[in-house]
Amino acid sequence: MTALKNDRFLRALLKQPVDVTPVWMMRQAGRYLPEYRASRAQAGDFMSLCMNPEFACEVTMQPLDRYPQLDAAILFSDILTIPDAMGQGLYFETGEGPRFKKVVSTLADIEALPIPDPHKDLGYVMDAVSTIRRELNGRVPLIGFSGSPWTLATYMVEGGSSKDFRKTKAMLYDNPQAMHLLLDKLAQSVTSYLNGQIQAGAQAVQIFDTWGGNLSAAAYQEFSLAYMKKIVSGLIREHDGRKVPVILFTKNGGLWLESIAEAGADALGLDWTCDIGNARARVGDKVALQGNMDPTVLYAKPEAIRTEVGRILASYGKGSGHVFNLGHGITPEVDPEHAGAFLRAVHELSAQYHE
């Protein structure tokens with residue numbers, strides 16, 4: 001494989017020295033970019049973009065071509081590819097988000113679910129990873145990803161997104177045996193899926209636990225974190241002669257940072273409700289931290305964006321172990337020029353913390 005020209009993202013995840021704080025954005029390939037909207041229109045719909053490796057590569061590269069400051073690429077895909085490969089029938093309703101043709105509601109439903117083979121059932125994702133990695137040609141590292149078992153389970157039980165997760169939480173409390181079986185199958189599926197991405201060329205992986213923060217403290221430990229630990233313990237951690245860092249991101253998980261830091265990952269993603277300096281004091285040198293500017297700051301003027309970037313860098317302080325990111329995905333209405341101002345500010349203002 002081609003040698004990396006810019007490896008500061010991987011170095012920061014492993015708490016090794018860097019010249020400036022590396023930066024990337026969750027959902028950096030997305031609707032805020034006119035070039036993405038053009039590609040999506042050409043592909044026909046969102047899933048056609050995801051399932052065509054050439055289109056997936058094209059939109060993955062778009063933000064890198066626009067913003068030379070980006071220190072990583074992230075695979076363009078969707079977290080719900082695994083439930084789709086389990087036969088749930090993923091589709092997207094305009095203005096409503098993802099939906100499933102089938103829902104999981106009984107133990108029998110769960111027992112019937114297959115564990116997908118990443119190369120056969122999700123081969124289009126593996127093809128996208130290898131295509132993107134080839135196109136990157138060592139420019140920056142490529143991040144692979146998956147949803148967490150709990151997050152995937154919520155969509156499978158609810159049939160789509162939910163405000164209160166009433167069906168999923170009812171199953172959790174009424175029938176914990178069924179919920180544990182579902183989560184165990186999903187943990188096995190995510191482990192093999194991420195390992196497939198690593199073998200295809202992903203150089204770091206992130207697990208998105210979007211809905212873990214909606215659980216009680218006890219339920220989070222039992223039904224979300226326990227299964228992410230299981231995944232982390234089963235991942236390939238070295239490939240192509242390099243370590244493959246693992247990032248765990250639980251949105252609204254700030255109350256549980258100490259226990260998440262014990263899960264075996266290399267880095268924790270933080271949402272914007274945490275103070276990053278306080279988080280660093282709590283987890284010490286155990287893990288790197290990724291985050292955590294409020295995405296809506298990008299609606300403000302570039303001077304205000306720069307001020308907030310400076311505040312977060314100062315809060316983290318000197319030394320490596322920080323990957324700058326948003327606290328969640330960039331939103332569709334953001335002006336691309338504001339995103340550029342954000343990325344430039346990170347590199348320009350962070351050099352002083354790495355002397």
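Because the structure is a prediction, the values reported are computed rather than measured.
A donor-acceptor pair under 3.5 Å is absent between the side-chain atoms of Asp271 and the main chain of His328, judged by distance alone. Remark: side-chain polar atoms of Arg306 are not paired, donor with acceptor, to backbone N or O of Ala345 under 3.5 angstrom. Judged by distance alone, the side chain of Ser320 and the main-chain N or O of Gln16 form a donor-acceptor pair under 3.5 Å. Panel note: side chain Gln62, backbone Tyr36; a donor-acceptor pair is recorded below 3.5 Å. One N or O on the side chain of Arg280 and one on the backbone of Tyr316 form a donor-acceptor pair closer than 3.5 Å. Between the side chain of Glu111 and the main chain of Ala178, no donor-acceptor pair closer than 3.5 Å is present.
Taking the six-membered ring where tryptophan is involved, the planes of Phe145 and Phe208 are perpendicular, since the angle between them exceeds 60° and thus also 30°.
The only option from Leu326, Ile312, Asp275 that meets the side chain to side chain contact (heavy atoms under 4.5 Å, CB included) definition with Asn292 turns out to be Ile312. Here the rule is side chain to side chain contact (heavy atoms under 4.5 Å, CB included) with Val205, and of Val190, Leu235, Ile143 only Leu235 fits it.
The minimum heavy-atom distance linking Glu58 with Ser39 is given by the pair OE2-OG, 2.5 Å. In terms of heavy atoms, Gln28 sits closest to Ala73 at NE2-CA, 3.8 Å.
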Pair up each side-chain donor or acceptor in residues 46-55 with any protein partner under 3.5 Å, not counting sequence neighbours, and list the distances.
residue, atom, partner, partner atom, Å
Ser48, OG, Asp45, OD1, 2.8
Asn52, OD1, Glu54, N, 2.9
Asn52, OD1, Phe55, N, 3.1

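In this structure, Trp24 is not a member of the same hydrophobic cluster as Leu14, with clusters built from ILVMFWY side-chain heavy atoms closer than 4.5 Å. The hydrophobic cluster containing Val104 does not contain Ile115, counting ILVMFWY residues as joined when their side-chain heavy atoms lie under 4.5 angstrom apart, directly or transitively. Residues Val103 and Trp211 do not share a hydrophobic cluster, defined by chaining ILVMFWY side chains whose heavy atoms lie under 4.5 Å apart.
Between Tyr155 and Phe100, the distance separating the two ring centers is not shorter than 6.0 angstrom. Ring centroids of Tyr227 and Trp150 are separated by 6.0 Å or more, keeping the two rings apart. Aromatic ring centres of Phe223 and His180 lie closer together than 6.0 Å.
Heavy-atom neighbours of Asp285 CG from other residues, nucleotides or ligands within 6.0 Å: at or below the threshold of 12. Taking a 6.0 Å sphere around CZ of Arg31, one finds it holds 12 or fewer heavy atoms contributed by other residues, nucleotides or ligands. Within a 6.0 Å radius of CD in Glu337, other residues, nucleotides and ligands contribute 12 heavy atoms or fewer.
For the pair Met25 and Ile74, the minimum side-chain heavy-atom distance is 4.5 Å or more.
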